[in-house]
Amino acid sequence: MESAVRLDHNHELTVKDLPYIVTWREDRCKRCGRCTAVCPMHAIEPSVMVRREISSEDASPSPKVTRKTVVVVRQTTDIERYCTGCGSCTLVCPNDAIEPVFNPQHKFLFHKNPGGHPYRRGGRRNDPRESTLDHLKFTRISMLTDPALDAGRHEFRIRTYLGRILPPEEMPFRVKEGKLELMSGNSRFVPPVREIYPVMIGSMSVGALSPTMWEGLAMGVAYLNEVDRMPVVMASGEGGIPPRLLKSRFIKYFILQIASGYFGWDEIIRAIPDMADDPCAIEIKYGQGAKPGDGGLLMAEKVTKLISEIRGVPQGVDLPSPPTHQTKYSIEESVAKMIQAMSMAFGFRVPVFPKISGTRTARAVLNNLLRNPYAGGLSIDGEEGGTGAAYNVSLDKMGHPIASNIRDCYLDLARQGRQNELPLIAAGGVGKKGGLAANAAALIMLGASAVSVGKYMMQAAAGCFGDEMNRCNVCNIGKCPRGITTQDPRLYRRLDPEKVAERVVEVFRALDVELKKIFAPLGRSTELPIGMSDALCADDADIAQRLQIGYVC
Amino acid sequence: MCRLAAITSNEYLNPMECIGALETMHEGHDGSGMGLILKNLGGELAEFFDYPVLSGICSKDGLYTLEEYLFHAGFRLKHQWRPALKPVKGIKRRDHYFAKVYDYPEEYEDRSQEEKEELLLQTRLTLRRMGEENGSITVFSFYPDIVTIKEVGDPLQLGEFFGLTDSRLKAKIIFAQGRQNTNYDINLYACHPFFVQGFGSMTNGENTAFVPIREFLASRGFAGYSGYDSDSEVFTHILHYAVKKLGYPLHYYKDVITPLGEDDLARREDSEVLSLMRVALRPLCIDGPNVIIGFTPDGSCFMVHDAKKLRPGVVGGVRGRVGLVSEECGLESMVPERESAKGIFPMKYDMVIVSPGAQEVRVWNQLYGWTTIMN
Ligand code: SF4
Ligand code: SF4
């Protein structure tokens, strides 16, 4: 006889409390064990059940009882082993016998804090609604008075600039014999400016990503530049990049990030004399849209031999980066001197720009940067940006949407006549619903000079399972079922870097065509339509008013 | 699209020469208006070439306000040209059309040209503001040796209405535009040619990059970069900005509005300058199709296109008399004695520049440099 306590199963969860319920079809399952082996959470396990069957074979009832022990696949209700809905089990099941189903009544957040540890995860904001960007459309269609362009045949220049641009009045030109020439003696410092593709791959670190993923992205970027002649660049994220790449000529396609942990920078500084070329730019990370005010954290499991070498740290230890650059005591220190120091390290040949998380104080930062002649831009990462690891509360509730942040900053620059001097880079939730080109073009028309995408690339190039219904999102525990955010060779070997590279190229080619499909009917081809807000309308009056664009319904 | 006819010459011409050219291109304009700028004035205004001329239209009340204002600002009227209006069916007559020649306020007598120009600009903008709300004052230009006339109606009929055929108003440079109204309301301030501090231009086409260009110009801290009732006004202001504010030689206007692509740029001798220029002036890059015909204070006239303009304008004439028009038939009417096979149709990379007095015509090609066509 079982005790009453055991019978009522109090203090245990039911599957109805969990975000995903695994439906398993006994009649189809051939007990191969693939699903239980692949599950990153150990949310399902092989188990046995005793079945009692009552049957009667005679004309009049003569019940016979048989007891059978059967093998089943069972979902655990342990909150630490919750089913994330990743679907890996479905993917590997040869008989379509298993599938996770989202449970809208779940009570996950009520329980996901055992030991007093708040829920941490990867991914991005769990908000499946359309973003502001998806409420924008392009309504100024060229008709008759200004014939629309042919997206297929017309020549389009889809390029942007990264780096501080001198106002025309300050360009060191003089007229000699009816011609303009540069003033000799270099009377004026002309900051370095890079011409790049306006959509770049945002900062994802070598440690957060698996070696196969990072290599795939890097190969894709190199191919786009060298073969397709599309100057797409990629930001490294914190923690440096592999030494071989650092000293190769491909370094010019990479933006190196320095963050508050300064990981990897000993190695970078030491490599400078041997660098075959300059990096595209240096990004100083002050914040990240997905977790504003939080530093980075690379869990010990991910600090493998390669990572420890790149970052210059011992193997197998947690690598936290502080929330701020703590070696600097004030904004002047942390921004101005940092920018100057970085510029100087690369002989003032490399644009240096800070990245902040979306915030209502972005304009204060912007105006501070405007006064700094070495600041090469401002990257703003909105609240819908992604991360490898953060507290759920930061991901879900902290931060500022990118659309209005970029718009405010652009309008502020335009008021001062400096909209072409300090490029704004917009990030955070670009392509949330798959509309990468439309979102990117909308941000450009709101005033961004360039757009940065991370999570979109992971989804499109490597099939990341994550979404805004909290599917998967276990990037933080090193068990990424796709092999994207893990340092476990058994997992990352699942990912073929060549395929990732191929997808990166395909994504950018398709993006380029779609951007033309947007710009052509607007009659724009000669330059990127930065700030062309007359082309944009919102289908929501409040959004339109906030962004100072038209409203259509 | 609007029709454009400009003529530059070494002798004084009657504005009807240009209006007649517009008439030959009639199917291209819908009679929704005409704009006329005369530069290097002859006739009764010739002797006042040093004094600013205020051109505009006023209601009775407006005229009073305007005169009051100018009087208190210290401007003294020296002369005035008023058209001998003839009633023409379909043209709505307004109270006063004028070109008033003023002397500068006394305290400006010894001031620099810059300061004088600044005063004229501010005065024009103030007058515009004063009369904009109730439509009592419309002022087009306030500058020495320039007269501007704009009105709604068919160009030929307007010529008759203003009595231009027998008018003593003459000029060496005449710019005329017959409108095809693509703005929603007919607004005289949206009518080309546009003018600012000695620079003028008119355009046909549509400029889809208008908003970012407007935002850039309007934030340069120069009061003259305002108005923008038409997307074409930015072409005049870019011209002023490039040549006057930045001090670039005129032919760089082409490199500002339609910069070369990377590969072409590398082949230019001044490629270093050009690449910096392209970056710094990115917001001024236009997106057409557009043909622009303009003039500068020294009396040079030019025509330029962007790559999207599929039907180019044409420049042609004889030494001392050169026409710049949007359709060739206009040229036929203005300079019939020219060799028609020698008309210049500027292409994607070209800018045709006619020297003051139409003494020389040169083509600046962004890739290959200068070619002299006529001298
Ligand atoms: S969906 Fe993913 S987490 Fe859930 S049981 Fe299947 S493999 Fe495990
Ligand atoms: S597939 Fe990998 S990267 Fe994507 S959400 Fe899951 S753990 Fe994160």
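The structure displayed is predicted, hence computed values, not measured ones. Numbered from 1 within each chain, the chains take letters A, B, ... in sequence-line order.
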Practice prompt. Using a heavy-atom cutoff of under 4.5 Å, enumerate the residues of residues 369-378 of chain A that contact chain B, numbered in order, or state 'none'.
Written response: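 Under the 4.5 Å heavy-atom cut-off, nothing qualifies.
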Item to complete: List in chain and number order the residues that pass ring pair (Phe, Tyr, Trp, His ring centres under 6.0 Å) with Phe508(A), two or more places apart in sequence or in another chain; answer none if no residue qualifies.
Response: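 Residues passing ring pair (Phe, Tyr, Trp, His ring centres under 6.0 Å) with Phe508(A): none at all.
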So for [X], is it side chain, backbone, both, or neither that comes closer than 4.5 Å to the heavy atoms of chain B?
X         : answer
Met171(A) : side chain
Glu195(A) : side chain
Glu155(A) : side chain
Ile530(A) : both
Pro168(A) : both
Arg524(A) : both
Ser449(A) : side chain
Tyr161(A) : both
Tyr410(A) : side chain
Gln419(A) : side chain

Worksheet item: Between Tyr248(B) and Phe173(A), how do the two ring planes meet: parallel, tilted or perpendicular, split at 30° and 60°?
Response: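 Taking Phe173(A) first and then Tyr248(B), their aromatic rings sit tilted (interplane angle of 30° to 60°).
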Discussion item. Check the orientation of Trp364(B) and His251(B). Use parallel for under 30°, tilted for 30 to 60°, and perpendicular for over 60°.
Written reply: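 If you compare the ring of Trp364(B) with that of His251(B), the planes turn out tilted.
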Practice prompt. Evaluate whether atom NZ of Lys244(B) has more than 12 neighbouring non-hydrogen atoms of other residues, nucleotides or ligands under 6.0 angstrom away.
Written response: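 Correct, the count exceeds 12.
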Discussion item. For residues 264-302 of chain B, which residue pairs pass the ring pair (Phe, Tyr, Trp, His ring centres under 6.0 Å) check, not counting sequence neighbours?
Written reply: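 Of all non-adjacent pairs touching residues 264-302 of chain B, those that pass ring pair (Phe, Tyr, Trp, His ring centres under 6.0 Å) are Phe175(B)-Phe295(B), Tyr253(B)-Phe302(B).
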Discussion item. Could you walk me through whether Asp287(B) and Thr526(A) satisfy the side chain to side chain donor-acceptor pair (under 3.5 Å) test, starting with their C-alpha distance in whole Å, then the side-chain angles of each, then the deciding distance to 0.1 Å, before giving a yes or no?
Written reply: CA-CA 6 Å; Asp287(B) 238 331; Thr526(A) 55; 3.2 Å; yes
Worksheet item: Do Ser533(A) and Met445(A) have side-chain heavy atoms sitting under 4.5 Å apart?
Response: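 Not in contact.
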Worksheet item: So which of Asp270(B), Leu276(B), Leu284(B), Asn290(B) has the biggest tally of heavy-atom pairs under 4.5 Å with chain A?
Response: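 Looking at each of Asp270(B), Leu276(B), Leu284(B), Asn290(B) in turn, Leu276(B) comes out on top.
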Practice prompt. Starting from the C-alpha separation in whole Å, work towards a yes-or-no answer on side chain to side chain donor-acceptor pair (under 3.5 Å) for Gln366(B) and Asp255(B).
Written response: CA-CA 7 Å; Gln366(B) 281 176 290; Asp255(B) 287 311; 2.7 Å; yes
Worksheet entry | Engaged part of Leu246(B) at the chain A interface, taking heavy atoms whose separation is under 4.5 Å |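 Side chain only.
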Worksheet item: Does any heavy atom of chain A fall under 4.5 Å from the side chain of Lys308(B), the backbone, both, or neither of them?
Response: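 The side chain, not the backbone.
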Item to complete: Take Asp350(B) and Tyr368(B) through the side chain to side chain donor-acceptor pair (under 3.5 Å) test and state the conclusion after the steps.
Response: CA-CA 10 Å; Asp350(B) 298 335; Tyr368(B) 306 113; over 6 Å; no
Worksheet item: Ion pair present between Asp278(A) and Arg349(A), side-chain N to carboxylate O less than 4.0 angstrom?
Response: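 Counted as a salt bridge, because a side-chain N and a carboxylate O are separated by less than 4.0 Å.
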Worksheet item: Between Asp512(A) and Lys516(A), is there a side-chain N and carboxylate O pair less than 4.0 Å apart?
Response: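 A salt bridge links Asp512(A) with Lys516(A).
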Practice prompt. Could you walk me through whether Tyr253(A) and Glu226(A) pass the side chain to side chain donor-acceptor pair (under 3.5 Å) test, one step at a time?
Written response: CA-CA 10 Å; Tyr253(A) 308 139; Glu226(A) 308 250 318; 2.4 Å; yes
Worksheet item: When only pairs under 4.5 Å are counted, which of Ile165(A), Leu180(A), Asp534(A), Val193(A) shares the most heavy-atom pairs with chain B?
Response: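 With the most close heavy-atom pairs to chain B, the winner is Leu180(A).
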Discussion item. To check you understand the geometry: which heavy-atom pair defines the closest contact between Ala281(A) and Leu162(A), and what is its length?
Written reply: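 Smallest interatomic distance, heavy atoms only, reads CB-CD2, 3.8 Å.
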Discussion item. If you compare all heavy atoms of Gly447(A) against all heavy atoms of Leu424(A), which two are closest, and at what distance to 0.1 Å?
Written reply: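 Looking at all heavy atoms of both residues, the closest pair is O-CD1, 4.0 Å.
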Worksheet item: Going by atom types only, do Glu115(B) and Ser112(B) share a side-chain donor-acceptor pair under 3.5 Å?
Response: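 The criterion, which ignores hydrogens and geometry beyond distance, is satisfied for Ser112(B) and Glu115(B).
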Practice prompt. Evaluate salt bridge (charged side-chain N to carboxylate O under 4.0 Å, His left out) for Glu262(B) paired with Arg159(A), printing each intermediate quantity in order.
Written response: CA-CA 11 Å; Glu262(B) 201 135 305; Arg159(A) 296 288 184 268; over 6 Å; no
Discussion item. Strictly less than 4.5 Å between heavy atoms, which residues of residues 210-224 of chain B line up against chain A? Please order them by number.
Written reply: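 Expected list: Val211(B), Pro212(B), Glu215(B), Phe216(B), Ser219(B), Arg220(B).
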